[in-house]
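Every chain is numbered from 1, with letters handed out A, B, ... down the list of sequences.
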2 protein chains.
Amino acid sequence: MVTIYDIARLSGVSKSTVSRVISNHPYVSTETKRKVMKVMQEHNYVPNSLAIQFRQKQTKCIAILIPDLSHPYFSQLVKYISADCYKSGFKTVVHQTFLDKSREREVYTQLQKNEYDALILTSSTLQEEEIAEFTGNNIIVACNEDFRGDYFDVFCLNEEEVTMNVTSYLLSKGYTKLGFCSDNISSPLQQARLKGFILAHEKKEIIHNKNFLFNEISTIEDGIILGNRLFKENLEIDGIIAGSDFVAAGLISSAVRKNIQIPQRLAIIGFDNHPISLVTNPQMSTICNHIQDMSNDLVNHIVNKMNGVKHHPIKKVYNGEFIERNSS
Amino acid sequence: MVTIYDIARLSGVSKSTVSRVISNHPYVSTETKRKVMKVMQEHNYVPNSLAIQFRQKQTKCIAILIPDLSHPYFSQLVKYISADCYKSGFKTVVHQTFLDKSREREVYTQLQKNEYDALILTSSTLQEEEIAEFTGNNIIVACNEDFRGDYFDVFCLNEEEVTMNVTSYLLSKGYTKLGFCSDNISSPLQQARLKGFILAHEKKEIIHNKNFLFNEISTIEDGIILGNRLFKENLEIDGIIAGSDFVAAGLISSAVRKNIQIPQRLAIIGFDNHPISLVTNPQMSTICNHIQDMSNDLVNHIVNKMNGVKHHPIKKVYNGEFIERNSS
DNA sequence: GTGAAAGCGCTAACAG
DNA sequence: CTGTTAGCGCTTTCAC
């Protein structure tokens with residue numbers, strides 16, 4: 001491996017000068033610059049990032065914590081965040097926790113060990129307080145998960161409100177035996193949605209059926225299986241707020257197969273406005289998340305923070321919009 | 001920041017001893033070990049990974065190059081690869097190229113700069129030769145893309161063969177006006193599929209319609225748009241091999257909306273056996289890729305390579321299986 | 001078993 | 001404009 005020292009020797013200057021050439025420092029004569037560059041080319045020199053990172057105490061690398069990439073919401077989120085990080089000169093390391101607490105903790109440890117310049121949290125199975133302990137001087141920012149925002153910055157959707165609005169809407173249309181699907185009900189996000197769901201019922205003084213609260217439903221297959229269990233000739237449920245468009249797609253396909261009219265006998269509403277909502281039959285009503293804006297704001301915010309802009313933790317909330325199609 | 005030196009001083013031993021304790025070296029008395037551990041705990045010491053990486057010349061980090069995470073095939077692939085890397089103690093950095101050559105080149109440069117211990121290539125817009133130049137002593141392995149395998153190891157599906165088989169099957173069932181969708185026809189993978197498609201026609205001495213070769217069709221929306229353009233009362237096309245299940249789902253939904261009977265008047269076959277193939281109406285015939293096996297073998301292979309197991313480049317080919325449902 | 005010392009490749013005062 | 005020097009935090013011989 002050819003080092004900066006070799007280049008210095010070979011071109012008859014000092015290491016410092018070579019270093020200056022590399023980092024495009026001013027105060028180096030065009031003549032020596034040319035000379036050094038030539039030698040670097042000839043010897044195919046590439047600076048060793050490991051040494052630079054070590055020296056500068058930064059990795060230009062941001063970690064992102066998600067439950068599972070096969071969930072389209074999270075793969076979209078990672079897509080945008082990763083692309084935005086790239087624009088700002090950062091690489092992204094993706095960590096899937098598969099909802100395992102110890103895997104999550106490992107990532108916080110890596111952060112403490114300086115393996116990343118910042119950590120983006122999109123979902124967590126730990127308490128906000130426990131995460132805060134790992135923070136120290138490290139940058140942790142939450143995106144998607146509806147944390148309180150006492151310890152770190154939060155960017156999220158108005159989960160509670162939008163779920164409440166949609167639930168109210170269904171109730172006022174006469175769908176009164178509603179179901180609710182969650183993925184992992186212990187998370188702040190899912191809790192917020194559930195709260196919205198319940199609040200809407202309370203406002204209308206309608207009692208929701210606790211048997212229609214379904215947890216750990218997150219994939220197309222889960223939706224199909226749930227539908228197959230639920231949908232029969234004398235239907236007890238007349239509407240479902242699914243946790244994602246994929247779950248909703250599974251439910252719709254199951255209902256169609258059992259000849260249950262949507263939306264006449266059963267309303268189904270998804271979450272995320274994924275393109276899959278366009279190919280179900282009938283097309284799906286859903287809720288638009290603003291992941292692209294969220295990601296953009298988030299990465300800008302992190303970059304500012306790295307440049308030393310300090311402030312109390314902020315919480316930015318985006319409004320999810322209901323997109324009505326033909327399943328409600 | 002508390003360093004190994006602080007711990008040494010505080011516990012009255014030398015740096016070397018502390019280092020030995022950290023890395024669980026033998027030849028250190030249980031007594032000193034205990035003592036040092038205690039001090040580390042009390043002062044909340046975490047080793048600086050940057051220094052370790054620099055010293056050891058390795059990052060425990062593998063880069064993976066993909067076009068775009070929103071494509072479910074690639075997000076699945078990354079899911080498995082990333083999980084397998086984790087099991088072997090590696091982190092994964094995801095790089096989306098969005099089919100941009102210069103972005104791809106940047107990643108090779110980062111590899112040369114020692115930012116990764118290895119690079120996994122799932123899709124490329126460069127020639128095999130050009131990539132090979134960047135290799136040097138670095139580990140590059142291809143997964144999914146159907147490279148020749150002269151310069152680096154390749155793990156891929158028998159794209160040509162399976163496409164030929166499926167095309168032959170449709171032809172022999174009487175579907176003779178077939179279309180073919182590709183994503184990015186310049187890639188080796190798409191070329192292989194097209195070759196299979198054409199070969200099947202030649203064998204049966206049927207001439208394929210060049211107007212039914214559609215390129216740059218990769219999303220659900222692309223499928224819908226293509227369908228809307230193609231499907232009308234007097235249908236000229238009677239079967240389509242789509243490049244992915246998502247495209248196929250778009251096509252099916254478009255056809256259904258135009259009251260075109262599937263599979264009577266039109267056969268559609270997807271690729272990947274993604275769960276979306278279960279919720280289309282009718283359910284989709286598709287081709288199973290073996291990404292889970294591929295990913296597993298691939299990561300094992302890389303780990304072996306890092307441990308110095310040398311051999312000529314290998315090429316491992318997996319057999320895609322046709323899964324017939326109701327769209328063909 | 002333990003310590004001293006050298007060094008990984010690079011940057012950044014500081015001095016000239 | 002350029003060189004000298006010190007040092008980042010850790011591992012690894014090599015003595016003792």
Side-chain angles (χ1 to χ4, degrees), chain A residues 1-40 43-61 109-117 136-137, chain B residues 1-40 43-61 109-117 136-137:
Chain A
M1 175 185 223
V2 33
T3 74
I4 201 173
Y5 177 71
D6 300 322
I7 301 300
R9 200 168 31 78
L10 259 24
S11 44
V13 299
S14 74
K15 284 193 303 175
S16 336
T17 304
V18 178
S19 173
R20 289 193 186 98
V21 172
I22 294 168
S23 37
N24 234 311
H25 205 81
Y27 303 134
V28 45
S29 76
T30 37
E31 173 52 17
T32 34
K33 192 167 185 171
R34 212 189 38 70
K35 193 172 59 183
V36 171
M37 299 261 268
K38 183 148 168 286
V39 176
M40 293 201 303
H43 294 76
N44 231 302
Y45 169 74
V46 272
N48 183 346
S49 292
L50 256 32
I52 297 175
Q53 289 175 9
F54 172 50
R55 203 30 244 259
Q56 323 252 28
K57 296 188 196 314
Q58 57 161 341
T59 56
K60 286 289 178 185
C61 190
T109 307
Q110 293 181 341
L111 181 66
Q112 292 186 305
K113 288 182 176 175
N114 289 309
E115 298 185 23
Y116 316 114
D117 295 344
N137 291 314
Chain B
M1 175 184 222
V2 32
T3 73
I4 200 172
Y5 178 72
D6 300 322
I7 301 299
R9 199 167 31 77
L10 258 23
S11 44
V13 298
S14 73
K15 286 194 300 176
S16 334
T17 305
V18 178
S19 174
R20 290 193 185 99
V21 172
I22 294 170
S23 38
N24 235 311
H25 206 82
Y27 302 131
V28 45
S29 76
T30 37
E31 173 54 18
T32 35
K33 192 168 185 171
R34 212 188 39 68
K35 193 171 58 183
V36 171
M37 300 261 267
K38 185 150 167 283
V39 177
M40 294 201 303
H43 293 76
N44 232 303
Y45 169 74
V46 274
N48 182 346
S49 292
L50 256 32
I52 298 175
Q53 288 175 9
F54 172 49
R55 209 23 248 260
Q56 323 250 32
K57 297 189 195 312
Q58 57 162 337
T59 56
K60 285 290 180 184
C61 190
T109 307
Q110 293 182 340
L111 181 67
Q112 291 185 306
K113 289 182 175 177
N114 288 311
E115 298 185 23
Y116 316 113
D117 296 344
N137 290 317

Query - Listed partners of A:T32 passing side-chain contact (heavy atoms from CB on, under 4.5 Å), at least two apart - result: A:V13, A:V28, A:S29, A:K35
**Report entry** With A:K57 via side chain to side chain donor-acceptor pair (under 3.5 Å) - residues at least two apart
**Finding:** none
**Report entry** Pairs satisfying salt bridge (charged side-chain N to carboxylate O under 4.0 Å, His left out), at least one member in residues 14-28 of chain A, at least two apart
**Finding:** none
Report task. Using chain B heavy atoms and a threshold of under 4.0 Å, write down where along DNA chain D the contacts begin and end, 5' to 3'. Result -> D:dG9 to D:dT13
Requested in this report: Kindly write out the residues that satisfy side-chain contact (heavy atoms from CB on, under 4.5 Å) with A:N114, not counting sequence neighbours, or none if the list is empty.
Outcome: B:M1, B:N48, B:L50
**Report entry** Partner set under side chain to side chain donor-acceptor pair (under 3.5 Å) for A:Q110, not counting sequence neighbours
**Finding:** A:H95, A:Y116
Query - Contacts of B:K38 that satisfy salt bridge (charged side-chain N to carboxylate O under 4.0 Å, His left out) - sequence neighbours left out - result: B:E42
**Report entry** Bending between helix ends of the helix from C:dG1-D:dC16 to C:dG16-D:dC1 [5 pairs per end, 10° resolution]
**Finding:** 30°
**Report entry** Test side chain to side chain donor-acceptor pair (under 3.5 Å) applied to A:N137 - qualifying residues, sequence neighbours left out
**Finding:** none
Query raised in the report: What are the two closest non-hydrogen atoms of B:S14 and B:A8, and how far apart are they?
Result: C-CB, 3.7 Å
Report summary line: Across all chains, not counting sequence neighbours, the side-chain contact (heavy atoms from CB on, under 4.5 Å) partners of A:K113 are A:T109, A:E115, B:V46, B:P47, B:S49
Query - Partners meeting side-chain contact (heavy atoms from CB on, under 4.5 Å) with A:R9 (sequence neighbours left out) - result: A:Y5, A:D6
Query raised in the report: Starting at NZ of B:K35 and ending at P of C:dG1, how long is that distance when rounded to a whole Å?
Result: 15 Å
Report task. Could you encode protein contacts along nucleotides 2-9 of chain C as a string, one character per nucleotide from 5' to 3', using B for base contact, S for sugar-phosphate-only contact and - for no contact, with a heavy-atom cut-off of under 4.0 Å? Result -> BBBBBBBB
